[in-house]
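Quick caveat: nothing in here was measured; it's all calculated off a predicted structure. Ligands are counted one by one from 1 in listed order, and the atoms in each one are counted from 1 as well.
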Amino acid sequence: MGQNFDTKSVQLSLNNTNKIDSKVTPIYQTSAFKFKDLEDLESFYTGNKEYLYTRVGNPNSDELGSAVAQLEEAPQGVATSSGLSAILVGILAVVKAGDHILASTDLYGGTYQLLANELSDFGIEVSFVDFEQEIERYIKDNTKLIYSESVTNPLLRVENIKEVVRIANKHGIKSMIDNTFATPYLCQPYTLGVDLVVHSATKYLGGHSDVTAGVLVGNEELITKAKTKVVNIGTNLSPFDAWLACRGIKTLSVRMERHTKNAQILADALRKNDAVAKVYYPKDFSSKGNGAIVSIDITGSCNVEKFFQSLSWVKIVPTLAGVETSVSYPLTTSHRALPKETQQELGITEGLVRISVGIEDADDIVAAFENAIQHAKL
Ligand SMILES: *Cc1c(COP(=O)(O)O)cnc(C)c1O
C-alpha cells in the first residue's frame, strides 16, 4: 500500500527483521514493543513473548541484570535506575511496614538517608549499629533484614560477611550487602550465603563515570519480588544506560587489576609519608588485592584547602570508581547529612580525603599526591 509523505515520514523506521547479526547487543531504545495481533499480544501474558513495555522489561536492562548475577554467582539479577533504587527495591522485597532493619552505622551517605529519612515514613524501623561489636543483641522480634557493605565508605572497614550470614541464618532473617566498593572481582557475598547483593553500577561496573545505574542480585524468589517493585514503583533503568553499564563490565577485570595494583602502591607510599596522619586501606582483603579506594587523614599535618588546590591533574569529584584518579571530601559531600556526632564517631574528620585510584601510571599518581602534600604541609 502506498503511503503519503506525511505518513511515510512518520513511519520511516526500518522494520526490525532481526536479520542483522550485530556483534554487540543493539540498544533497544524503545519505550514499548509491538505486536502483530491480539493473539501475539496475549503471548506476552502467557510467557511466550518476553517484552511488552520498557518499564516492565527491556533486553538491555535484562542483559545487565543477568551479567552481574553471573559475576556474583547468583541465580538472578535486576537492573535499576540507580544504586539507591536497587537498594530500595531489594529492601522492599524483604520488609514492609512494621518490620525492622538492623544496619551498620558506616553506610554510604545516600543509603543512610534512604534508611534513616525515607523508610521511616513508610513505617519501616531501622537501627544503626556499629558492626565491629556483637550485633546479635540488637535483633528484635520484628527484625527482617541485616544490611551492611562488604567494604565501607569512606574508611574502608571490611565487613565480616560470614558472621553477618551466621547471625541472619540463626534468626531466620535475610541479609543484604552492598558490594559496590569491592565488586565481584574481589568479593562475592552471594557465595558466602548473603541473600541479596546490591551494586551502584555507577561505580566500578560502569567504570567510566558516564552512567547512573544499579543492580540487585539474589535467588529467584527475592529477585522476582524485587522486579515487581521495579515495575510498580518505576525504578527501571534506561536502555542506553544499561547498554553503557554492560559495555563497562567487559573491562571490569582489567580495570580492577590495575586500580587495585595502583591503590596498593599509593597506600604504601602514603604510609611512609610523615605528613599523612592516617592511611585507610584494607589488608589481606582478597587474593586479588585490597581494592581501589585509599582514604587518608591529613588533619593537623596539612592545610586541607591547600591540598585540594595542589592536586594538578587529579580531579575533585563527589564520586568514585572511574578510570581517572579522583578525590572527594566526605565531610561536605557524601557524609554531609550525618549528624555531627555520628561524623565524629565514624572518623569523618576535617582532614579526611577519599582517593579513588585510577588506572594511570602508578608513579604519576604517587607523585601527584606527594606533591600536593608537600605544598600543603603545615
Ligand atoms: C554510589 C553508591 C551508592 C548509590 O549509588 P547511586 O548509583 O549513586 O544511586 C550506594 N552504595 C555505595 C557504596 C556507593 O558508592
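Among all protein heavy atoms, the one lying closest to atom 5 (O) of ligand 1 is S200 OG, 2.9 Å. Atom 3 (C) of ligand 1 has Y108 CE2, 3.4 Å as its closest protein atom, hydrogens excluded (heavy atom only). The nearest protein atom to atom 7 (O) of ligand 1, hydrogens excluded, is given as T202 OG1, 2.6 Å; this is a heavy-atom distance. When only non-hydrogen protein atoms are considered, atom 6 (P) of ligand 1 lies nearest to G83 N, 3.3 Å. Nearest non-hydrogen protein atom to atom 1 (C) of ligand 1 is K203 NZ, 1.4 Å.
P59 places a side-chain heavy atom less than 4.5 Å from the side chain of Y51. Annotation: side chain of E72 is in contact with side chain of P189 (closest heavy-atom distance under 4.5 Å).
Residue contacts with ligand 1: N153 is excluded, as none of its non-hydrogen atoms falls under 4.0 Å.
The pair E257-K288 does not meet the salt-bridge criterion, since no charged nitrogen lies less than 4.0 angstrom from a carboxylate oxygen.
With a heavy-atom cut-off of 4.0 Å, D178 touches ligand 1 through its side chain alone.
Taking any N or O of I87, backbone or side chain, none lies under 3.5 Å from an N or O belonging to ligand 1. For F181, no nitrogen or oxygen atom sits less than 3.5 Å from a nitrogen or oxygen atom of ligand 1, counting backbone and side chain alike.
Scanning L320, L84, V198, T80 for the heavy atom closest to atom 9 (O) of ligand 1 points to L84.
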Identify each donor-acceptor pair in which a side-chain atom of residues 370-378 lies under 3.5 Å from a protein atom, sequence neighbours left out, and give them as a table.
unit_1 : atom_1 : unit_2 : atom_2 : d
N371   : OD1    : H375   : ND1    : 3.4
H375   : ND1    : N371   : O      : 3.0

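If you look at Y53 and F33, their ring centroids are not closer than 6.0 Å. Between H259 and Y204, a ring centre-to-centre spacing shorter than 6.0 Å is recorded.
Within a 6.0 Å radius of CD in E39, other residues, nucleotides and ligands contribute 12 heavy atoms or fewer.
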